[in-house]
Amino acid sequence: MKVLAINGSHRKGSTLLLLQEALKELEGFETEVISLCDYVLEYCKVCNACKRNGGVCVVKDGYEEIAAKMKEADAIIIGSPVYFGSITGMLKTLFDRSRTLRVNWELKDKVCAAIAVGATKHGGQEHTLQAIHAWALIHGMILVADSDPTAHFGCAAVAKQVDDRFEIDEWGLKTARSVGKRVREVLNLIKGRA
Ligand SMILES: Cc1cc2nc3c(=O)[nH]c(=O)nc-3n(C[C@H](O)[C@H](O)[C@H](O)COP(=O)(O)O)c2cc1C
């Protein structure tokens with residue numbers, strides 16, 4: 001079974017580190033992390049072509065490759081920094097473009113979990129997690145979060161950049177591992193019933 005982690009940051013920083021922390025709990029599964037900053041992503045043009053042509057986006061950029069990876073995955077862990085209390089512009093752009101995948105419910109029943117990181121405590125991490133949750137639920141995905149230690153809505157972390165290093169709070173790192181563990185538990189349940 002395959003787990004895809006998507007770094008919604010506009011750079012490779014603390015969100016990427018937290019996704020890598022979560023994936024440590026998924027040993028034995030095939031895992032891949034991608035960073036949206038490595039792709040060119042145009043906005044959804046609302047041409048509605050995907051709704052008429054069976055889910056193919058007419059805009060040709062990095063989206064096709066990301067969509068193919070999402071389709072292949074059994075679980076998707078989405079990570080986003082908090083930007084003004086919510087997800088990043090790049091991640092929202094990916095979510096909007098993923099309308100193509102909803103035409104045939106191609107993300108339905110995949111496991112989804114969320115990771116959010118901000119520069120301050122109470123900086124909007126929970127709202128950011130809920131923005132990811134809304135996307136997952138609208139796609140009919142199986143949303144998971146909580147495990148031990150408590151991560152009710154997913155990983156909520158605080159990171160501080162010191163020169164080119166990132167100092168991430170211990171609780172944030174723990175909740176990232178907790179998210180990875182919960183994804184593993186649910187994938188194992190699904191595998192057992194397949
Ligand atoms: C445009 C912008 C808006 C931000 N808004 C918030 C915010 O509302 N709350 C917060 O806690 N941090 C905010 N931050 C800080 C980032 O969430 C924080 O630095 C995060 O660790 C960056 O993740 P990255 O290292 O993966 O890029 C903002 C940063 C940027 C660039």
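Atoms within each ligand, like the ligands themselves, are counted from 1 in listed order. Along the sequence shown, residues are numbered consecutively beginning with 1.
By the 4.0 Å N-to-carboxylate-O rule, Arg177 lies close enough to Glu170 to be salt-bridged with it. Lys69 has no carboxylate O lying under 4.0 Å from a charged side-chain N of Glu72, or vice versa, which leaves the two without a salt bridge.
Of all the atoms in ligand 1, the ones that sit under 4.0 Å from a non-hydrogen atom of Val117 are 17 (O), 20 (C), 21 (O). Numbered from 1 in the order shown, with element, the atoms of ligand 1 that lie under 4.0 Å from a heavy atom of Arg11 read 22 (C), 24 (P), 25 (O), 27 (O). The contact set between ligand 1 and Gly13, taken as ligand atoms under 4.0 Å from a residue heavy atom, comprises 25 (O), 26 (O).
Sorted by first and then second residue, the side-chain hydrogen bond (donor to acceptor under 3.5 Å, both in side chains) pairs with a member in residues 82-96 read Lys92-Asp96; sequence neighbours excluded.
Ser14 OG, 2.9 Å is the protein heavy atom nearest to atom 21 (O) of ligand 1. In this structure, the protein non-hydrogen atom closest to atom 2 (C) of ligand 1 is Tyr83 CD1, 3.6 Å. Closest protein heavy atom to atom 26 (O) of ligand 1: Thr15 OG1, 2.6 Å. Scanning the protein heavy atoms around atom 9 (N) of ligand 1, the nearest turns out to be Gly123 O, 2.8 Å. Among protein heavy atoms, atom 6 (C) of ligand 1 sits closest to Val82 O, 3.1 Å. For atom 5 (N) of ligand 1, the nearest protein heavy atom (residue, atom name, distance) is Phe84 N, 2.9 Å.
For Gln125, no nitrogen or oxygen atom sits less than 3.5 Å from a nitrogen or oxygen atom of ligand 1, counting backbone and side chain alike. Between Gly124 and ligand 1, not a single N/O pair is under 3.5 Å apart. Taking distance alone, with nitrogen or oxygen atoms compared against 3.5 Å, Phe166 stays at or beyond that limit from ligand 1. Taking distance alone, with nitrogen or oxygen atoms compared against 3.5 Å, Gly118 stays at or beyond that limit from ligand 1. Residue contacts with ligand 1: Gly85 is placed with a nitrogen or oxygen under 3.5 Å of a nitrogen or oxygen of the ligand (distance criterion only).
Ranked by closest heavy atom to atom 11 (O) of ligand 1, the top entry among Ala119, Ala159, Cys37 is Ala119. The option with the heavy atom closest to atom 22 (C) of ligand 1, from among Gly8, Pro81, Ser35, is Pro81.
If you look at Ser9 next to ligand 1, the close heavy atoms, those under 4.0 Å, all belong to the side chain.
By the 4.5 Å side-chain criterion applied to Ile, Leu, Val, Met, Phe, Trp and Tyr, Leu36 is assigned to a cluster that also includes Leu4, Ile6, Ile34, Tyr39, Leu41, Tyr63, Ile66, Met70, Ile76, Ile78, Ile87, Met90, Leu91, Leu94, Phe95, Leu101, Leu107, Ile132, Trp135, Met141.
Sparse packing is recorded around CD of Glu27, with 12 or fewer heavy atoms of other residues, nucleotides or ligands lying under 6.0 Å away. For Gln130, the CD atom sits in a packed shell: over 12 heavy atoms of surrounding residues, nucleotides or ligands are nearer than 6.0 Å. Within a 6.0 Å radius of NZ in Lys45, other residues, nucleotides and ligands contribute more than 12 heavy atoms.
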Item to check | Verdict with reasoning, Glu106 to Lys108, per salt bridge (Lys or Arg N to Asp or Glu O under 4.0 Å) | outcome: CA-CA 6 Å; Glu106 286 173 284; Lys108 190 169 180 281; over 6 Å; no
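Closest of all the heavy-atom pairs between Val144 and Val186 is CG1-CG2, 3.7 Å.
Considering only heavy atoms from C-beta on, Phe153 comes within 4.5 Å of His133 through its side chain. Here the side chains of Lys12 and Asp38 are in contact, with some heavy-atom distance below 4.5 Å.
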